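Comments concern the structure below.
Since the structure is predicted, the reported quantities are computational estimates derived from the model, not experimental observations. The residues of the chain are indexed from 1 along the displayed sequence.
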Amino acid sequence: QAMMAAARTVDPAKHVHSLHAYFLRGGQETLPLHFRVHRDFDGRSIANRRVVVRQDGKVIFNLTASFQLPEDGVSHQVPMPDLLPPEECWDFSDFIAADPNIPDAMLKRMARARPFEMRSFRPPPAAKATSHYQWFKLRGTINDDQLLHRAFLSFASDMGLLSTSM
């Protein structure tokens with residue numbers, strides 16, 4: 001939501017380039033959020049925004065976002081490792097549901113709140129890999145708005161961190 005708020009104040013030709021998010025306090029689902037976007041910089045090719053999110057009069061979240069016009073430059077990509085296909089990886093929802101310590105009411109709430117199907121793969125210890133690979137896809141469909149696609153990708157990128165904290 002904060003990334004979308006920032007992006008709506010930037011020239012649409014500039015794409016989100018970098019995000020830094022700081023979760024300062026826990027929020028409440030039942031209380032409204034107030035977003036304030038600070039326009040720190042608007043250059044020819046780069047723009048920067050800060051978003052401060054308040055709830056109940058307290059700052060709960062800060063975001064710094066950089067936006068840039070697409071341009072050619074140095075590009076590289078690491079080759080895709082040999083991994084299991086997503087349908088052979090474990091489903092995060094199944095993994096959580098198998099935990100007897102998680103109450104049924106929480107499982108139902110989590111199932112409704114999960115917009116993504118997420119599947120994970122960890123290479124065997126013998127591979128000496130320190131990586132954790134995740135496949136994810138939306139459970140539903142969204143329109144072709146590329147900003148919305150970037151917002152969902154941004155949201156999904158936190159899912160791995162949330163599962164680690166759980």
Side-chain angles (χ1 to χ4, degrees), residues 1-8 10 12 14-31 33 35 49 51 53 55 60-68 70-166:
Q1 290 174 326
M3 190 213 75
M4 289 292 283
R8 297 279 186 224
V10 173
K14 293 177 183 165
H15 298 170
V16 65
H17 172 261
S18 174
L19 297 172
H20 298 273
Y22 303 93
F23 296 89
L24 305 173
R25 291 185 176 89
Q28 296 290 323
E29 292 177 7
T30 57
L31 297 176
L33 298 170
F35 292 78
R49 299 292 186 264
V51 182
V53 181
Q55 189 175 63
I60 64 168
F61 179 84
N62 286 333
L63 174 81
T64 303
S66 174
F67 299 84
Q68 182 176 359
E71 60 183 50
D72 292 332
V74 177
S75 178
H76 69 279
Q77 182 172 331
V78 176
M80 181 71 173
D82 187 26
L83 302 174
L84 290 176
E87 47 283 342
E88 293 181 31
C89 296
W90 59 266
D91 183 344
F92 180 73
S93 299
D94 293 340
F95 177 75
I96 292 297
D99 187 336
N101 297 316
I102 298 180
D104 287 344
M106 181 181 255
L107 288 173
K108 287 179 186 173
R109 185 171 156 245
M110 286 174 63
R112 286 191 313 266
R114 287 248 195 259
F116 298 95
E117 176 185 344
M118 297 182 62
R119 296 183 174 268
S120 293
F121 175 75
R122 287 185 194 266
K128 295 185 177 163
T130 58
S131 300
H132 177 185
Y133 300 94
Q134 288 190 317
W135 301 96
F136 58 88
K137 69 176 182 176
L138 279 170
R139 293 189 190 276
T141 58
I142 57 175
N143 65 34
D144 291 336
D145 178 357
Q146 291 303 297
L147 179 56
L148 186 60
H149 283 253
R150 288 181 182 94
F152 271 101
L153 180 60
S154 174
F155 183 80
S157 71
D158 274 349
M159 292 287 116
L161 297 173
L162 293 174
S163 63
T164 299
S165 68
M166 291 180 71

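- Shown here for F152 and F116, the closest heavy-atom pair between the two residues is O-CZ, 3.4 Å.
- Remark: side-chain polar atoms of E117 are not paired, donor with acceptor, to backbone N or O of L138 under 3.5 angstrom.
- Annotation: D82, atom CG; neighbour count of heavy atoms from other residues, nucleotides and ligands within 6.0 Å does not exceed 12.
- Between Q1 atom CD and F155 atom CZ the span is 9.0 Å, to the nearest 0.5 Å.
- Side-chain atoms of Q77 do not come within 3.5 Å of backbone N or O of S75 as any donor-acceptor pair.
- Residues H15 and F67 fail the side-chain proximity criterion, which asks for heavy atoms closer than 4.5 Å.
- A heavy-atom distance below 4.5 Å is not found between the side chains of Y22 and L63.
- Within a 6.0 Å sphere centred on CD of Q28, heavy atoms belonging to other residues, nucleotides or ligands number 12 at most.
- Side chain of Q55 to main chain of I60: no donor-acceptor pair is present (N/O by atom type, distance under 3.5 Å, no hydrogens or angles).
- Formation of a donor-acceptor pair under 3.5 Å by the R119 side chain with backbone atoms of W90 is not found in this model.
- Of all heavy-atom pairs spanning A2 and V51, the tightest one is O-CG2, 3.6 Å.
- Side-chain contact check for N62 versus H20: every heavy-atom pair is 4.5 Å or farther apart.
- Distance CG/L153 to CG/L148: 11.5 Å, rounded to 0.5 Å.
- Considering P86, C89, P81, S120 as possible partners of Y133, the one that fulfils the side-chain contact (heavy atoms from CB on, under 4.5 Å) test is P81.
- One N or O on the side chain of H149 and one on the backbone of N143 form a donor-acceptor pair closer than 3.5 Å.
- Counting heavy atoms from C-beta on, the side chains of L147 and M3 come closer than 4.5 Å.
- Using a 4.5 Å cut-off on side-chain heavy atoms (C-beta onward), Q134 and M118 make contact.
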